[in-house]
Amino acid sequence: MPPRFPREEHEKVPVIKNLVWATKILIKADKWYLISNILSQCASIIFGQFIQSVLLLKVLLSVIQGEGDFAYYVKCLVLFLVIGLVTEVITVWGDYMARIGEKNIFKSLNNMLFEKAAKVDVSSYEDPAFYDKYQRAANILTNGYFSTFSDNLATVIGSFISFVSVISVITSIDPSYLIFLLPVMLVFVVEIFRSKVFFKRDLKMTKNNRVKAYIQRTVFLRDFSKDMRTSNIFSVIMKRFYAAIKSNIEIIKKYGMKLFLFSILSSFCGEIFPIVGTYAYAGYQFAVSNNMDISGFSVVLSSINSVRGTTMSIARGFSDLTQVAFYFQNMRDFFEYESKITDGDREAGEFESLELKNVSFKYPSAKDYSLKDVNLKIEKGQTVAIVGINGAGKSTLVKLLLRFYDVTKGEILYNGINIKEYKQDSLRNRFATVFQDYKTFALSVNENVLCRECSEEDEEIARQALIKSGVWDKINTLENKGNTLLTREFDENGVGLSGGEAQKTAVARIFAKNFDIAILDEPSSALDPIAEYKMYENLIEATEDKTVIYISHRLSSAVLSQNIFVLENGMVIESGSHSELMQLKGKYSEMFTLQASAYKEEGDGDEE
């Protein structure tokens, strides 16, 4: 099995491969974006750094020295004007195509990123390294690295063409000037090392930036607002925030001196030595040895400035390309992530049985097993309860049944066949599930129930589901009823539901779906006993002839079940019907008696 992410951070990053990969991605997203950018930048740089700064000056000086007549000069000016107009048209066209292309690229790459994030193993979301990779991949889009890549690639190409053109002019005057340009080659090496330092610095800051992003998000979320105002948790969070900032400052200081020295060295090799050397030698030839006329002297000085400009553009562009190539590795790693949960070839047929045989499971980062040698079987049409205190392994069992994780030992059989042999989507589509940590989304009530865009015909399906879950009376009071948006994040007319109402809305998904097996993981945790009883009554009616698995530490659902499995410390310690387990007077009987007495005391208190 390949590693979770195919490249570790300390390994060498293939710069050229990453740049080629980024080029393919850009062309796939918008084929004209890169082409128009290159044409625009090339036209602008060549015109400014070569035609305008060198050629036109050379023509003007040649006329002054009598090497051409005025008619020749006018023709050159007209040609220069035409080239300038064409350059301007290409530049404007390139800017227009770039604005359109950036939107297409952002949309296309976001789609790719979201689709990949939706397909990775659920276990990845419990791995900090995954979040770091995901954040770095997302930052490539939010920080505009693809635009930076396109701009710099275009700059390097345009500057290189201009560089070669100007060098040819200088060489025609005196090849000796090339000696002063040799240190320019060192700039490329220096900039590569500088890019690596930049990347390492930002890599070190990733965790701190993730902490900052979490805190910035948390402070503004409604879910945390009450706790922050009624406890000292805000000060604890802010200490973490300031600690992350302080750590980033230390990291910046650590790498600051290296970056400063690289910048000085780059400036010396790319600007100071070439300019001083060329100016000194040209001055000597013009004033002392008289080997150069005023025309050659002026052209050389102008050319060397163009060489300096194009060289630094190439060096910095290449440096930026090298730097973004390191960042592209993060996105490549993310896209090349290979799921540990792989698809089988079979389509899951109509449910007949579900069996766990000697199943043990340990989370990847855990030392102890969450489930140990679990054996149980569920037949079609049965109502089963899996009960136990918090931490007994109940929710872990659900994750295994849905193949969010694969078992560490043993096997799970669906219709007598190992679930690993089935296609994941076909298997999961046989289940209707309400999770313990259910979520409602910033969508309409109907969309939250049906989990899809709703037509007018769908609205009645959603309404009936909401009636059965016991929340329609509330939804019916809203101005737009089932079309009301939940939360006010996108609509000031949206509504926020109470915990019990939100849970009933989540449970309504069960009533709206055609399923073989229903799994309800703590489906009544936010409900009062009366609402819980009514919901279970509706569930029994709606799931007639269906297979239902209740996962709960509250035993009201167990009474309704034909078979009960009691989990403790990851093991099945008791199984049987409610009456059988009560007669056994074991763990289940103890739990049920305690809960029943608590309900009785609660009822007595209400009467007082």
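As a basis for the values below, the full set of heavy atoms in this structure was taken, side chains included, without hydrogen atoms, waters or symmetry mates.
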Practice item. Check the side chains of Asn111 and Glu115 for a donor-acceptor pair under 3.5 angstrom, ignoring hydrogens and angles. Key: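 Asn111 and Glu115 do not have a side-chain donor-acceptor pair below 3.5 Å.
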
Would you indicate whether the side-chain heavy atoms of [Y] and [X] approach each other to under 4.5 Å?
{"X": "Val86", "Y": "Ile90", "result": "yes"}
{"X": "Leu26", "Y": "Phe149", "result": "yes"}
{"X": "Leu85", "Y": "Val89", "result": "no"}
{"X": "Ile100", "Y": "Trp32", "result": "no"}
{"X": "Ile105", "Y": "Tyr33", "result": "yes"}

Point to revise | Crowding at NZ, Lys420 (>12 non-hydrogen neighbours, <6.0 Å) | key: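 Atom NZ in Lys420 is crowded, with more than 12 foreign heavy atoms closer than 6.0 Å.
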
Check your understanding: Do other residues, nucleotides or ligands put more than 12 heavy atoms under 6.0 Å from the CZ atom of Phe160?
Key ->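 Atom CZ in Phe160 is not crowded, with 12 or fewer foreign heavy atoms closer than 6.0 Å.
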
Can you tell me how far apart [atom1] ([X]) and [atom2] ([Y]) are? Round to the nearest 0.5 Å.
{"X": "Asp95", "Y": "Met97", "atom1": "CG", "atom2": "CE", "result": "11.5 Å"}
{"X": "Leu77", "Y": "Leu81", "atom1": "CG", "atom2": "CG", "result": "8.5 Å"}
{"X": "Lys24", "Y": "Leu34", "atom1": "NZ", "atom2": "CG", "result": "14.0 Å"}
{"X": "Tyr242", "Y": "Ile237", "atom1": "OH", "atom2": "CD1", "result": "12.0 Å"}
{"X": "Asn104", "Y": "Lys28", "atom1": "CG", "atom2": "NZ", "result": "14.5 Å"}
{"X": "Leu443", "Y": "Leu485", "atom1": "CG", "atom2": "CG", "result": "7.5 Å"}

Review point. What class does the angle between the rings of Trp21 and Phe335 fall in, given that below 30° is parallel, 30 to 60° is tilted and above 60° is perpendicular?
Key: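 The rings of Trp21 and Phe335 sit tilted, inter-plane angle from 30° to 60°.
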
Practice item. Among Leu265, Leu261, Leu259, find the residue that satisfies the side-chain contact (heavy atoms from CB on, under 4.5 Å) test when tested with Arg194. Key: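 Result: among Leu265, Leu261, Leu259, Leu259 is the only option passing the side-chain contact (heavy atoms from CB on, under 4.5 Å) with Arg194.
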
Practice item. Using the test side-chain contact (heavy atoms from CB on, under 4.5 Å), find all partners of Lys17 that sit at least two apart in sequence or belong to another chain. Key: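 Expected list: Pro14, Arg332.
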
Closest contact, heavy atoms only, [X] versus [Y]:
{"X": "Gly94", "Y": "Ser40", "answer": "CA-CB, 3.9 Å"}
{"X": "Ser36", "Y": "Ala98", "answer": "OG-N, 4.4 Å"}
{"X": "Lys212", "Y": "Ile245", "answer": "CD-CG1, 4.2 Å"}
{"X": "Leu321", "Y": "Leu19", "answer": "O-CD2, 3.5 Å"}
{"X": "Leu153", "Y": "Ile38", "answer": "CD2-CD1, 4.5 Å"}
{"X": "Gly393", "Y": "Leu371", "answer": "O-CD2, 3.6 Å"}

Distance-only, no hydrogens or angles: does the [X] side chain make a donor-acceptor pair with backbone N or O of [Y] under 3.5 Å?
{"X": "Thr155", "Y": "Asp151", "value": "yes"}
{"X": "Arg403", "Y": "Lys423", "value": "no"}
{"X": "Arg201", "Y": "Ile252", "value": "no"}
{"X": "Thr91", "Y": "Thr87", "value": "yes"}
{"X": "Thr408", "Y": "Lys362", "value": "yes"}
{"X": "Asn152", "Y": "Thr148", "value": "yes"}
{"X": "Asp343", "Y": "Gln424", "value": "yes"}

**Study point:** Sequence-distant partners of Phe361, ring-ring contact (aromatic ring centres under 6.0 Å, His included), two or more places apart
**Key:**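 With sequence neighbours excluded, Phe361 shows a ring-ring contact (aromatic ring centres under 6.0 Å, His included) to Tyr363, Tyr405, given in chain and number order.
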
Exercise for review: Just grab all the side chain to side chain donor-acceptor pair (under 3.5 Å) pairs involving residues 245-258, residues at least two apart or on different chains.
Suggested key: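 Passing the test, one end in residues 245-258: Asn208-Ser247, Asn208-Asn248, Asn209-Asn248.
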
**Study point:** Test side chain to side chain contact (heavy atoms under 4.5 Å, CB included) applied to Ile25 and Phe328, step by step
**Key:** CA-CA 11 Å; Ile25 290 289; Phe328 287 144; over 6 Å; no

Practice item. Please find out if less than 6.0 Å separates the ring center of Phe106 from that of Phe146. Key: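 Not close enough - the centres of the two rings lie 6.0 Å or further apart.
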
